[in-house]
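A short worksheet on the structure shown next.
Labels below follow one simple rule: chain letters A, B, ... track the order of the sequence lines, proteins then strands, and each chain is numbered from 1.
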Amino acid sequence: MSNMNLSEQEQIRRASLDELRKLGINPYPAAEYKTTVFAHDIMDNYSPEKNNFQDVCLAGRIMGRRIMGNASFAELMDSSGRIQIYIRRDDVSPGEDKMMYNTVFKRLLDIGDIIGVKGHVFKTQMGETTVHVDEFTILSKSIRPLPIVKEKDGVLFDAVTDPEMRYRQRYVDLIINPQVRDVFRKRTQIIQSMRELFNSKGYLEVETPVLQPIPGGAAAKPFITHHNALDMPLYLRVANELYLKRLIVGGFEGVYEFAKDFRNEGMDRTHNPEFTVMEIYIAYKDYNWMMVFTEELVKKAALDLHGKTEIIYGDKLINLNPPYKRISMTDAILENTGIDISGMDEPGLRGVCDKLDVPNTASMGKGKLIDELFSAKCEHNYIQPTFIIDYPTETSPLTKMHRSKPGVTERFELMINGKEIANAYSELNDPIDQMERFQDQLRLSEKGDDEAMFIDLDFIRALEYGMPPTSGMGIGIDRLTMILTNQPSIQDVLLFPQMKPEKKSASDHEEKYIEKGIPAEWVDPLKKLGFTTLTKLMEVEKAGKLANDLNGFNKKNKLGLSGLSPEAVEKWLK
RNA sequence: CGGCCCGUAGCUCAGAUGGUAGAGCACCUGACUCUUAAUCAGGGAGUCGAGGGUUCGAUCCCCUCCGGGCCGACCA
């Protein structure tokens, strides 16, 4: 009765669960299950000549079954991959009692269940490497049917493609789409590759606050929260830059952090509210050095992942082999629009924007206008890795002024596939200049720019003690992973991308109905007819019709309940 | 935030000028001891995303909402 809101298949599986218990089989045993091998090892290394793998034990999920009377084949999937298993009635049920095969394996086990098997490996007549099972153990019963994906010659049938299911129930996606698991393994490999490089140079991996009193280090809208004990607002970090630079002040040669940052902005194919950035700061370096280092980093990641630097992204071939093209922002605009903006003032730039149909507002200053021009007309054209260098001062408040070019800073962004992948500076270490830049930001903020940076006075104080010349670089791990794994959307490289919460249809608990004097056996039928809350039920005006509907439901579903009178139903509604 | 599209069985998808729904796989019953999208025979399974409106009657038409996708805006 209480199972009425379960699907038929779920009810069958729960019944199987009960039956297993009645047979004295624990469907969720506690004991360690000692495996000796992974499916992948067997598939790679078994050979009939060597006659190896003759006593194996492995565990995994049943992904498919082909039952043929007294012998069966099944697909077992463990963390390394799939392997076929062969189960014969007289092997797993050697005595008179054929219960383990006839009842447990054939009837009570389902696709999705996790079992352990002991046996030996052989090749079938069809040449398929297979584990011949002598003994199997139920390790976990699955009571929710898994989407069934079949495959032949590499072609998937009925693959789950619904993005909502894939992102919301990532666990299902990972079970049935092996290539998804591969993407996330590669994501971790990319991070490991970078970490190896940093550690080999002696740089220190650190952790800095996620909860910050001042959300500094980037121009972005923060998430805000509140600390009760201190009764103060705290922000989820939009960047960790200012903390890492404090550590350079403190005397570390190089520090880095793989950091989750949070930005309270839109979501799309390349933006998620929380995302991962690797930021690194190294003393006594400048942005020229950092460009070479970034090239090395990206190249190493590509080689560690693919063994080569040519990668395919969508329909594009991208070569990550250094050196990468370097072009100043001014030259990039000249190259893409034919307009030389060098030396232009704000009205001049606004004129260029208007001429090229680049949207702009009065609150935008020189730097912002140049930035808009670049974003609209240039950025998407840099498919092959390209360093855009020498950004306007106004939009780079943490960057050192260029050593020789007036009006620009020593900053670069690495573009790949028309998207920003990395961002780096010769870090501004002049505390007085830094204070002035912050104050410029404040003025922009007053002018209406809600992305202007906050002033962090403690950071200024740190710079006043003296920070060595330093270069820092941040690289978007999600976007880099997208490029290196050929994934079109950031959601495909985040295990749990942000989603709107699932709508829960309101449903009152059974007790609430019973309190109203409604017999327990009629609660499920009521809910099934749409009266999922008492409030809805109370809105019913015609008790007679409801009684009729319920009696009809009783009959149709063969519930065998005794009929209801309109008078009885009338009482419920009071 | 705006434009376009989508939501039907556990999964992939059909469907009807508006008369309460189908297929394959999955599931259940049976047959089958080397199959592999196993096969063969039979069967059951659905508040057609939610609510409201029009109608004798809505899964289909209209409105609102919820969820999702793509594009754009925003986000350096």
Side-chain angles (χ1 to χ4, degrees), chain A residues 5-13 15-16 63-75 82 84-91 101 107 110-112 122-128 130 132 142 144-168 172 176 218-221 238 263-273 329 359 364 367-368 370-376 379 388 391-392 394-397 411 413 419-420 423 449-452 488-489 491 499-506 525 527-532 536 553:
Chain A
N5 45 8
L6 294 177
S7 73
E8 182 194 33
Q9 291 194 41
E10 287 173 298
Q11 292 180 45
I12 289 166
R13 288 189 178 215
S16 299
M63 296 301 286
R65 290 197 300 172
R66 294 176 285 279
I67 294 173
M68 308 162 305
N70 293 328
S72 300
F73 290 92
E75 299 284 333
R82 288 184 182 214
Q84 179 170 264
I85 61 174
Y86 179 58
I87 297 192
R88 232 166 37 172
R89 184 190 65 187
D90 297 339
D91 293 329
Y101 183 78
R107 203 157 60 73
D110 293 290
I111 289 173
F122 75 110
K123 260 197 204 305
T124 64
Q125 288 173 7
M126 303 300 289
E128 177 88 18
T130 301
H132 187 129
S142 161
R144 188 182 282 268
L146 211 53
I148 303 297
V149 180
K150 300 216 171 188
E151 176 261 326
K152 183 182 169 113
D153 303 330
V155 183
L156 290 178
F157 296 83
D158 301 334
V160 174
T161 50
D162 176 16
E164 178 160 10
M165 158 83 107
R166 290 195 46 229
Y167 301 144
R168 246 187 237 292
V172 174
I176 61 185
K221 297 186 194 92
V238 295
R263 297 188 183 177
N264 206 342
E265 292 162 357
M267 291 161 59
D268 62 25
R269 221 172 55 250
T270 54
H271 297 82
N272 194 68
M329 183 161 259
M364 290 178 182
K368 186 82 179 164
I370 293 171
D371 207 72
E372 291 293 320
L373 273 174
F374 179 79
S375 302
E379 187 171 7
I388 306 297
Y391 280 63
E394 192 190 21
T395 51
S396 309
R411 170 179 179 183
E413 287 191 3
K419 291 267 159 35
E420 174 197 345
N423 181 19
D449 185 346
D450 58 358
E451 287 153 18
S489 165
Q491 297 178 110
M499 303 280 280
K500 283 197 196 178
E502 272 183 281
K503 187 189 56 171
K504 282 189 211 114
S505 56
K527 288 190 176 185
K528 201 80 176 168
L529 287 173
F531 301 101
T532 49
K536 275 188 193 172
F553 187 89

Could you list all N or O pairs between the protein and nucleotides 71-73 of chain B that sit under 3.5 Å apart?
from	atom 1	to	atom 2	distance (Å)
B:C71	OP1	A:R269	NH1	3.0
B:C71	OP2	A:R269	NH1	3.0

N/O-N/O pairs, protein side and nucleotides 2-8 of chain B side, under 3.5 Å:
none

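Counting only heavy atoms from C-beta on, A:E128 has its side chain closest to B:U36 among B:C34, B:U29, B:U36. For A:M126, whose side chain is taken as the heavy atoms from C-beta onward, the closest listed nucleotide among B:C32, B:G67, B:U36 is B:U36. Checking B:C27, B:C34, B:U33 against the side-chain heavy atoms of A:F73 singles out B:C34 as nearest. You'll find that the side chain of A:I111 is closest to B:C27, out of B:C27, B:C34, B:U33.
Distance CG (A:D110) to P (B:C27): 7 Å, rounded to an integer number of Å. Straight-line distance from the CZ atom of A:F157 to the C1' atom of B:A37: 6 Å, rounded to whole Å. Note: CG (A:N264) to P (B:C74) measures 18 Å, nearest angstrom. One atom, CD of A:Q11, and another, C1' of B:A26, lie 16 Å apart when rounded to the nearest Å. In this structure, CG of A:N70 is placed 10 Å from P of B:A31, rounded to the nearest angstrom. The CE atom of A:M68 sits 19 Å away from the P atom of B:A41 (whole-angstrom rounding). Following rounding to the nearest Å, A:I12 (CD1) and B:G44 (C1') show an atom-to-atom distance of 8 Å. Atom C1' of nucleotide B:U39 and atom CZ of A:R65 are separated by 16 Å, given to the nearest angstrom.
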Practice item. Sugar-phosphate means primed atoms, P, OP1 and OP2; the rest is base. With that split, encode nucleotides 10-15 of chain B 5' to 3' as B, S or - using protein heavy atoms under 4.0 Å. Key: BSSS--
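Only the C1' atoms considered, B:C66 is 7 Å distant from B:A50, to the nearest whole Å. On the P atoms, B:C34 is 15 Å away from B:U39, given to the nearest whole Å. With both ends at atom C1', the span from B:U17 to B:C27 equals 37 Å, rounded to whole Å. For B:A16 and B:G7, the P atoms lie 14 Å apart once the distance is rounded to whole Å. Taking atom C1' on both B:G46 and B:C65, the two are 23 Å apart, rounded to the nearest angstrom. Comparing the C1' positions of B:C56 and B:G51 gives a spacing of 22 Å, expressed to the nearest Å. For the P atom pair drawn from B:C60 and B:G49, the interatomic distance equals 8 Å after rounding to whole Å. Between B:A21 and B:A9, the two C1' atoms lie 11 Å apart (nearest whole Å).
Rounding to the nearest 0.5 angstrom, the gap separating the NZ atom in A:K221 from the CG atom in A:N264 is 8.0 Å.
In this structure A:M267 satisfies the side chain to side chain contact (heavy atoms under 4.5 Å, CB included) test together with A:P273, A:Q498, sequence neighbours excluded. Every residue two or more places apart in sequence or in another chain was checked for a side-chain hydrogen bond (donor to acceptor under 3.5 Å, both in side chains) with A:T395, and none qualifies. Remark: A:R82 engages A:M63, A:E75, A:M77 in a side chain to side chain contact (heavy atoms under 4.5 Å, CB included) (not counting sequence neighbours). Checked against side chain to side chain contact (heavy atoms under 4.5 Å, CB included), A:T270 has the following partners two or more places apart in sequence or in another chain: A:D268, A:K419, A:R479, A:M482. In this structure, A:E8 has no side-chain hydrogen bond (donor to acceptor under 3.5 Å, both in side chains) partners at least two apart in sequence or on a different chain. Taking the side-chain hydrogen bond (donor to acceptor under 3.5 Å, both in side chains) definition, one finds that A:R13 meets it with A:S142, sequence neighbours left out. Applying the ring-ring contact (aromatic ring centres under 6.0 Å, His included) criterion to A:F122, with sequence neighbours excluded, gives A:Y86, A:H132. Taking A:R65 as the reference, nothing meets the side-chain hydrogen bond (donor to acceptor under 3.5 Å, both in side chains) condition, with sequence neighbours excluded.
The side chain of A:K150 places no N or O atom within less than 4.0 Å of a non-bridging phosphate oxygen (OP1 or OP2) of B:G24. When the side-chain nitrogen and oxygen atoms of A:R66 are compared with OP1 and OP2 of B:U35, none of them lie within a distance under 4.0 Å. Contact annotation: A:Q491 side-chain N/O to B:G69 OP1/OP2 distance is under 4.0 Å.
The shortest distance between side-chain heavy atoms of A:D158 and A:V149 does not fall below 4.5 Å. When side chains are defined from C-beta on, A:N423 counts as touching A:R411, because their heavy atoms get closer than 4.5 Å.
Mapping A:E413 and A:P163 onto RNA chain B by nearest heavy atom places A:P163 at the nucleotide closer to the 5' end. Comparing A:S16 and A:E372 along RNA chain B, the residue whose closest nucleotide (by nearest heavy atom) sits nearer the 5' end is A:S16.
With no hydrogens or angles considered, a side-chain donor-acceptor pair links A:S7 and A:E10 at under 3.5 Å. Under 3.5 Å, the side chains of A:R269 and A:S489 contain no donor-acceptor pair of N or O atoms.
Looking at heavy-atom distances under 4.0 Å, A:R166 makes no contact with the nucleic acid at all. Residue contacts for A:E151: at a heavy-atom cut-off of 4.0 Å it reaches the sugar-phosphate backbone alone, with no base atom in range. Contact annotation for A:I176: no contact, since no heavy-atom pair falls under 4.0 Å across all strands. When heavy atoms are screened at a 4.0 angstrom cut-off, A:F122 is found touching base atoms of the nucleic acid. Across all strands shown, A:F374 has no heavy atoms under 4.0 Å from either base or sugar-phosphate atoms.
No more than 12 heavy atoms of other residues, nucleotides or ligands shown are found within 6.0 angstrom of CZ on A:R144.
Considering every non-hydrogen atom in both A:P145 and A:Q9, the closest pair reads CB-OE1, 3.7 Å. Heavy-atom minimum distance, A:M165 versus A:V160: CG-CG1, 3.6 Å. Looking at every heavy atom in both residues, A:S72 comes nearest to A:Y101 through OG-OH, 2.7 Å.
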Review point. How does RNA chain B look in dot-bracket notation if pairs are Watson-Crick or G-U with both distances under 3.5 Å, crossing ones as [ ], other-strand ones as |?
Key: (((((((..((((.....[..)))).(((((.......))))).....(((((..]....))))))))))))....
